[in-house]
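Here's the structure we're looking at; comments come further down.
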There are 2 protein chains.
Amino acid sequence: MTDATIEPPRVAVQAAIFSVRAGADHDELMIPLVRRTREPFLDQWALPGGWLGAEEGLEAAAGRTLAETTGLAPSWLEQLYTFDNTDRSPATRVVSVVYWALLRSDLVEAQRAAAGSPENVEWFPVESLPDLAFDHRPIVDYAVWRLRNKAGYSRIAAALLPDEFTLAELRGVYETVLGKRLDPSNFRRLLEGSEALVPTEVFRTGPHRPARVFRYNADVDLADLGPL
Amino acid sequence: MTDATIEPPRVAVQAAIFSVRAGADHDELMIPLVRRTREPFLDQWALPGGWLGAEEGLEAAAGRTLAETTGLAPSWLEQLYTFDNTDRSPATRVVSVVYWALLRSDLVEAQRAAAGSPENVEWFPVESLPDLAFDHRPIVDYAVWRLRNKAGYSRIAAALLPDEFTLAELRGVYETVLGKRLDPSNFRRLLEGSEALVPTEVFRTGPHRPARVFRYNADVDLADLGPL
DNA sequence: GCAAAAGTGTTTATGTTACACCCATGA
DNA sequence: TCATGGGTGTAACATAAACACTTTTGC
């Protein structure tokens with residue numbers, strides 16, 4: 001236990017970060033990747049991450065990775081799974097604690113417009129990812145599965161939107177995340193029935209009847225309650 | 001271990017192991033704990049576990065811990081969560097990858113009868129646990145929550161029973177895990193409707209009408225399908 | 001026969017899905 | 001006035017829960 005001939009496992013933290021971007025006919029679920037600047041997998045795309053600092057908590061390390069990659073704080077952050085890459089370079093044992101996070105789309109857009117993308121960081125639609133380094137592809141797939149799954153029984157998808165939104169905008173996010181169309185009237189009923197939504201007196205206009213703007217009830221935990 | 005100012009985090013693996021034991025009027029959910037033989041928390045009860053070996057996978061380490069504690073292989077083994085104990089002894093950073101497991105009750109009983117309990121290992125009902133070392137109490141609570149939750153939408157509770165069982169026995173396990181009574185007729189319908197159960201021609205007698213013995217369909221993944 | 005659990009059937013409540021329809025706006 | 005999405009109502013269907021009732025054994 002004191003001085004080993006083989007290196008003890010090191011702890012890394014990675015993050016699968018999601019946001020939505022408006023697309024041609026439907027929105028897309030996006031994820032930022034980092035181009036590797038060293039071997040192994042030099043120049044390949046990978047999940048952002050790094051080594052766990054000596055005096056840093058796991059979730060703090062995930063938050064730091066997020067800030068370094070996107071310059072933003074997540075509206076949702078949750079541990080995904082811990083992987084061990086026994087098949088990495090043989091001498092280096094790495095245990096990867098992976099988190100997944102949601103970012104508000106408006107903040108992502110604002111940040112891109114203001115600061116430009118950090119070097120070596122690029123957002124990809126999850127439907128068309130490049131080849132990924134290490135075992136990061138199945139990790140992304142698992143994170144997407146978890147997001148979809150959790151969107152089905154909680155209200156976390158709201159973390160992808162600004163504070164105020166119309167029901168159509170919220171429905172669009174759900175449709176993007178779940179990958180299927182939802183009936184507008186049923187969607188409305190489900191959410192109006194819950195305590196989670198608070199109607200405002202603001203309306204958003206367009207080439208149609210004005211849509212009421214809602215905000216979220218801060219008292220309700222996004223992880224709680226609610227089918228769809 | 002001595003010359004570094006701050007040690008890099010070390011990786012430990014722990015396991016919350018469940019089995020059921022027949023009680024007076026209802027069965028109990030049991031978990032094995034280990035009495036600590038060193039500081040900190042000397043003589044307190046703790047989850048079984050140990051350091052991750054240099055050439056060992058995470059799940060393998062969890063399986064090893066299980067074998068050392070109970071002498072048995074699990075019928076279910078799944079990663080629970082990864083904790084970091086920043087509040088442990090200040091110099092020692094530990095990242096704990098915790099697994100949870102299910103053991104068949106008949107094998108546990110047989111093992112206890114044959115080999116006796118290993119020294120320093122004792123089974124406790126989850127309803128009346130002693131004080132636990134470290135942050136192990138909330139970890140156990142979370143594992144119980146996860147077991148209950150997963151029992152609600154999968155068939156994993158079957159992993160607590162032998163290959164062959166009556167519907168009443170299976171229902172008893174569900175009632176123990178979920179902590180509530182279930183309607184026998186609805187329970188029967190639900191499971192007979194699924195593909196998971198295969199009826200045998202064997203019947204179990206008692207002071208009542210003989211009950212048909214069932215076995216599990218090996219083709220069906222216990223993690224798939226099924227409410228209740 | 002009686003108790004006790006196995007096993008069958010039916011009724012009720014609840015929630016999901018589909019879809020018809022009216023409303024209010026910009027162009 | 002027309003197209004478009006906002007918003008309301010309702011019927012059809014599937015599922016879960018509650019419970020009455022019959023069957024078969026040991027004693």
Side-chain angles (χ1 to χ4, degrees), chain A residues 22-27 148-149 151-155 161 164-176 178-215 224-228, chain B residues 22 24-27 148-149 151-155 157 161 164-176 178-215 224-228:
Chain A
D25 61 333
H26 63 307
D27 295 354
R148 279 197 221 280
N149 194 46
Y153 64 86
S154 75
R155 306 261 179 252
L161 280 181
E164 301 197 325
F165 46 84
T166 67
L167 283 180
E169 289 165 349
L170 183 58
R171 178 165 49 84
V173 170
Y174 272 93
E175 289 178 344
T176 302
L178 298 176
K180 63 176 182 184
R181 295 251 161 249
L182 298 173
D183 183 305
S185 65
N186 293 334
F187 185 81
R188 160 181 302 273
R189 210 178 342 249
L190 228 53
L191 275 98
E192 282 192 330
S194 79
E195 301 292 304
L197 283 184
V198 180
T200 71
E201 292 310 312
V202 183
F203 288 80
R204 194 154 297 170
T205 64
H208 51 73
R209 174 171 170 179
R212 185 182 288 274
V213 170
F214 290 81
R215 63 169 56 251
D224 286 342
L225 269 179
L228 217 209
Chain B
D25 62 332
H26 64 307
D27 294 355
R148 278 197 222 280
N149 195 45
Y153 63 86
S154 75
R155 305 260 178 252
L161 280 181
E164 302 198 324
F165 47 83
T166 67
L167 283 179
E169 289 164 351
L170 183 58
R171 177 166 50 85
V173 170
Y174 272 94
E175 288 178 344
T176 302
L178 298 176
K180 65 177 181 184
R181 296 251 160 248
L182 299 173
D183 182 305
S185 66
N186 292 336
F187 185 81
R188 161 181 301 273
R189 207 175 347 243
L190 229 53
L191 275 95
E192 282 193 330
S194 78
E195 300 292 304
L197 283 183
V198 180
T200 70
E201 292 309 312
V202 183
F203 288 80
R204 193 154 298 170
T205 65
H208 52 73
R209 175 170 169 177
R212 185 181 289 273
V213 170
F214 289 80
R215 63 169 56 250
D224 288 340
L225 269 178
L228 217 209

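By convention in this document, chain letters (A, B, ...) are assigned in the order of the sequence lines, proteins followed by strands, and residues within each chain are numbered from 1. Small disclaimer: the values here were computed from a predicted structure and weren't measured.
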*asked:* In this structure, how many angstroms lie between the C1' atom of D:dG6 and the CZ atom of A:F165, rounded?
replied: 16 Å

*Before giving the answer on side chain to side chain contact (heavy atoms under 4.5 Å, CB included), spell out for A:H26 and A:R181 the whole-Å C-alpha distance, their side-chain angles and the decisive distance to 0.1 Å.*
CA-CA 10 Å; A:H26 63 307; A:R181 295 251 161 249; 4.3 Å; yes

*Integer-rounded Å distance: C:dA18 P and A:L182 CG*: 10 Å

*Phosphate contact (D:dG6 OP1 or OP2) by A:R171 side-chain N/O below 4.0 Å*: yes

_Nearest whole Å is fine: how far is D:dA18 C1' from B:L190 CG?_
15 Å

*Atom-pair distance (CG on A:L167; C1' on D:dG7), nearest Å*: 10 Å

*Of B:H208 and A:F214, whose nearest nucleotide on DNA chain D comes first from the 5' end?*
A:F214

_Straight-line distance of A:L190 CG to A:L197 CG, nearest 0.5 Å_ = 10.5 Å

*For A:P210, which contact category applies under a 4.0 Å heavy-atom criterion: base, sugar-phosphate, or nothing?*
sugar-phosphate

*How would you label the contact of A:R212 with the nucleic acid (heavy atoms, under 4.0 Å): base, sugar-phosphate, or nothing?*
sugar-phosphate

_For atom CZ of B:R189 and atom C1' of D:dT15, their distance in whole Å_ = 11 Å

_To the nearest 0.5 Å, what is the distance between CG on A:N149 and OG on A:S154?_
9.0 Å

*A:D183 CG to D:dG7 P, straight-line distance once rounded to whole Å*: 14 Å

_Min side-chain heavy-atom separation A:R155-A:Y174 under 4.5 Å_ = yes

*Whole angstrom value for the distance that separates P of D:dA16 from CZ of B:F187*: 14 Å

*Which residue, B:S185 or A:N186, contacts DNA chain C at a nucleotide closer to its 5' end, judged by nearest heavy atom?*
B:S185

_Treating B:R212 as the side-chain partner and B:T200 as the backbone partner, does any N or O pair qualify as donor plus acceptor under 3.5 Å?_
yes

*At under 4.0 Å between heavy atoms, what does A:R204 touch on the DNA or RNA strands: base, sugar-phosphate, or nothing?*
nothing

*Expressed in angstrom and rounded to an integer, what is the separation of B:L191 atom CG from C:dG7 atom C1'?*
14 Å

*Can you tell which of C:dA18, D:dG5, C:dG7 lies closest to the side chain of B:A211?*
C:dG7

*May I ask you to verify if any side-chain N or O of B:R209 is less than 4.0 angstrom from the OP1 or OP2 atom of C:dA3?*
no

_With a 4.0 Å limit, can you tell me whether B:R188 has a side-chain N or O closer than that to the phosphate oxygens OP1/OP2 of C:dG7?_
yes

*Hey, does B:T166 reach any base, or is it just sugar-phosphate, or nothing, if we go heavy atoms under 4.0 Å?*
nothing

